[in-house]
Amino acid sequence: MAAAAIDLAGLAKTFGSGEEAVRALDQVSLAIRPNEFFTLLGPSGCGKTTLLRLIGGFEQPDAGEIRLDGQPITDLPPHRRPVNTVFQSYALFPHLSVADNVGFGLDMLGWATQQKRRRVADMLTLVRLEGYGGRRPSQLSGGQAQRVALARALAASPKVLLLDEPLSALDLKLRKEMQSELKRLQTETGITFVFVTHDQSEALSMSDRIAVMQHGRVLQVGSPREIYETPRHRFVADFIGEINLLEGELVQAPGGAALQLGEQIRLGLPPGVTRAPGRVTAAVRPERAQLVAASHGNGALPARIDQVVYAGTDTTVLLSLAGGQPFRLRIQNRTGAAELPAPGAPVGIEIPPGSLQLLED
Amino acid sequence: MRARSGQAWLILPASLVIILFMLLPLGLMAYVSILEKGLNGGVVWGSHTTEAYLSFAFERDLDDSLVLNTDYLQIFARSFGLSAITTILCLLLSLPTAFYMALQPERTRNGLIFLVTIPFWTNLLVRNYAWILLLRNGGLIDGLLRDAGLSSGSLNLLYSNTAIVLGLTYTFLPFMVLPIYASLEKLDVRLVEAAFDLGANRWQALRRVVLPLAMPGIVAGCILVFVPALGAYVTPELLGGGKSLMIGNLIQGQFGSARNWPFGAALAFALLAIVLLAMLVYLLRFRQAPAGAAP
Ligand SMILES: Nc1ncnc2c1ncn2[C@@H]1O[C@H](COP(=O)(O)OP(=O)(O)OP(=O)(O)O)[C@@H](O)[C@H]1O
Ligand SMILES: [Mg+2]
């Protein structure tokens with residue numbers, strides 16, 4: 001089954017009108033590649049479900065176009081789109097058995113009974129639910145219901161599978177299990193997955209690419225690594241993992257662009273900064289900064305330790321900078337690592353030039 | 001345990017009412033049905049006979065031998081037939097109505113429910129007399145059709161099976177609309193979307209998902225229409241004009257002019273048995289009826 005690429009061009013959707021109008025999607029353009037595990041990540045209400053519903057055909061966009069393999073599908077009703085959905089609530093048919101649920105799409109395509117029965121059995125095997133065909137949805141656990149919904153959506157080999165927070169109702173252990181299961185299914189079937197979540201660690205660990213959304217807009221699209229290591233927006237930086245923000249002056253120094261903090265401190269920026277000098281915000285991940293002695297000089301930020309939090313694999317050090325702003329730093333716990341200074345001690349924070357990321361607001 | 005027995009007091013008044021005013025008279029009726037009939041109405045206490053039940057299908061000849069008499073069975077058959085037609089008509093009218101109602105925004109829905117229940121506000125007799133005015137020769141329908149040149153002479157609509165079915169359908173329509181609407185209203189729209197998503201067109205989604213899930217409401221509506229229609233009295237009396245009898249009129253006649261209390265009681269019991277049987281079938285078939293989505 002050839003997986004399809006989806007092109008979204010300038011999609012806009014507003015609910016309601018006048019005072020109560022909600023702009024759920026605002027100029028969303030995305031190119032989702034064939035065979036990709038593509039994740040829409042964003043806080044509650046940012047328009048993730050609305051975007052999926054537009055792709056599935058359950059809502060019509062106010063503006064813009066949706067193409068599947070280059071074919072415009074914007075005007076097709078849901079049942080004519082080779083796209084299936086795993087709904088947030090699973091939406092299993094309560095009056096049908098598990099097998100009939102899984103076979104529903106095949107019935108609609110007019111499959112012969114024999115063929116259908118074999119396919120249903122295959123699908124149940126795929127989601128590890130052999131022998132559950134005779135049960136009713138009400139007799140399933142949350143995780144099992146979730147897998148039936150998955151089998152049902154995959155049975156007719158859609159070109160694209162849309163998944164709306166399929167794991168949000170599961171407990172942590174089952175969630176981890178289903179994450180790898182989903183990833184396995186995606187690789188095995190080669191179907192393009194468009195996956196919605198508001199859980200950043202889920203997004204980072206499963207996706208080929210992530211689109212981070214806020215207020216109906218796509219802020220940044222990239223691989224998990226790009227999104228995590230080179231966030232371009234304050235929101236993206238904040239939403240994914242922990243981050244320290246530093247406000248300063250962008251200056252052009254002999255060694256390249258640098259961030260001037262106060263009178264003395266000047267931190268080097270990664271090469272290729274083209275922004276005009278002026279006030280900027282830069283970000284650095286807690287694990288990218290290093291703790292150094294207070295006497296380190298102008299390359300380090302003077303700080304004071306507030307608290308040391310030991311967390312097994314690593315230790316988080318909470319500091320205050322000279323101006324009083326908090327700063328968070330994470331150190332891997334290694335054998336034979338030096339003892340950390342006690343709270344209250346003056347220290348320095350060194351930030352390697354490649355770790356500092358300029359943000360647009 | 002204590003809480004349990006404390007709660008039992010709550011249904012005591014209702015239980016007393018049911019025992020005193022329903023079970024006791026019913027028991028009395030059952031007893032009456034196996035007694036010998038009195039000459040001028042009433043019964044001969046202490047004289048037991050199955051005569052009343054035999055009269056369903058037989059009558060005594062002059063020499064006291066039993067002869068087949070299908071008059072009463074015909075009335076039963078007519079009652080079933082007219083009730084069935086009424087139920088089907090109500091169903092056909094109610095399905096689209098209930099669908100329309102369930103698809104409206106919430107405020108409109110409440111208004112529509114109110115409209116459906118408006119006929120309940122008027123006395124049943126008044127409503128039936130209104131139908132007489134509409135249906136009788138020279139009445140509204142007859143007159144309009146004649147003025148339009150669509151009929152010559154009289155239609156003779158009134159005092160016919162057609163008139164009874166019209167009246168019954170009109171009377172019981174809300175009992176069909178409301179349960180179907182209730183089951184459609186609580187139907188999860190996401191299930192319908194899931195059906196569309198899996199390639200079902202409108203008709204397939206209706207047949208494979210919506211109707212099965214609305215089935216408890218449809219069956220409840222059918223029972224709520226069929227059972228009272230079977231025992232209807234006022235409508236066949238007024239719109240059937242005594243020419244087309246239904247079971248209700250027959251029972252009334254036995255307690256009234258025919259002065260055959262045991263037969264009247266036996267007829268009432270036969271009707272009750274049929275109704276209970278219908279309820280039993282409904283309970284067995286739909287007790288574990290699925291409703292709503294998976295957990
Ligand atoms: N049918 C609707 N009518 C009115 N407003 C709607 C409708 N559907 C969505 N909205 C609004 O559009 C915005 C985006 O909603 P959407 O469901 O897409 O968010 P989401 O990103 O999926 O959130 P969540 O993570 O909570 O599921 C929200 O402000 C929501 O209130
Ligand atoms: Mg959502």
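Order of the sequence lines sets the chain letters (A, B, ...), proteins ahead of strands, with each chain counted from 1.
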Take atom [atom1] in [X]; do more than 12 heavy atoms of anything else shown fall under 6.0 Å from it?
X: A/R23; atom1: CZ; result: no
X: A/E188; atom1: CD; result: yes
X: A/E130; atom1: CD; result: yes
X: B/F120; atom1: CZ; result: yes

#### Entry: Portion of A/R80 that has a non-hydrogen atom of chain B nearer than 4.5 angstrom
neither
If every non-hydrogen atom of [X] is compared with every non-hydrogen atom of [Y], which pair is closest and at what distance?
X: B/L191; Y: A/F93; value: O-CE2, 3.2 Å
X: B/G199; Y: A/M108; value: O-CB, 3.7 Å
X: A/P94; Y: B/L213; value: CG-CD2, 3.7 Å
X: B/A194; Y: A/A91; value: CB-O, 3.9 Å

#### Entry: N-O pairing of A/R81 and B/D197 below 4.0 Å
no
### Task
Start with the C-alpha distance between A/R53 and B/E193, add both sets of side-chain angles, then the distance that settles side chain to side chain contact (heavy atoms under 4.5 Å, CB included), and finish with yes or no.
CA-CA 10 Å; A/R53 289 175 63 81; B/E193 287 190 345; 2.7 Å; yes
### Query
Hey, what do you get for CZ (A/F87) to CZ (B/R190), rounding to the nearest 0.5 Å?
9.5 Å
### Query
How far does CZ of A/F104 sit from CD of B/Q204, to the nearest 0.5 angstrom?
7.5 Å
### Query
For the side chain of A/H95 and the backbone of B/R208, is there at least one donor-acceptor N/O pair under 3.5 Å apart?
yes
### Pick from A/L96, A/D107, A/L109 with the largest number of heavy-atom pairs that fall under 4.5 Å of chain B
A/D107
### Heavy-atom pairs under 4.5 Å with chain B, option from A/A153, A/G105, A/A149 with the top count
A/G105
### Task
Heavy-atom distances under 4.5 Å only: say whether B/A195 touches chain A with side chain, backbone, both or neither.
both
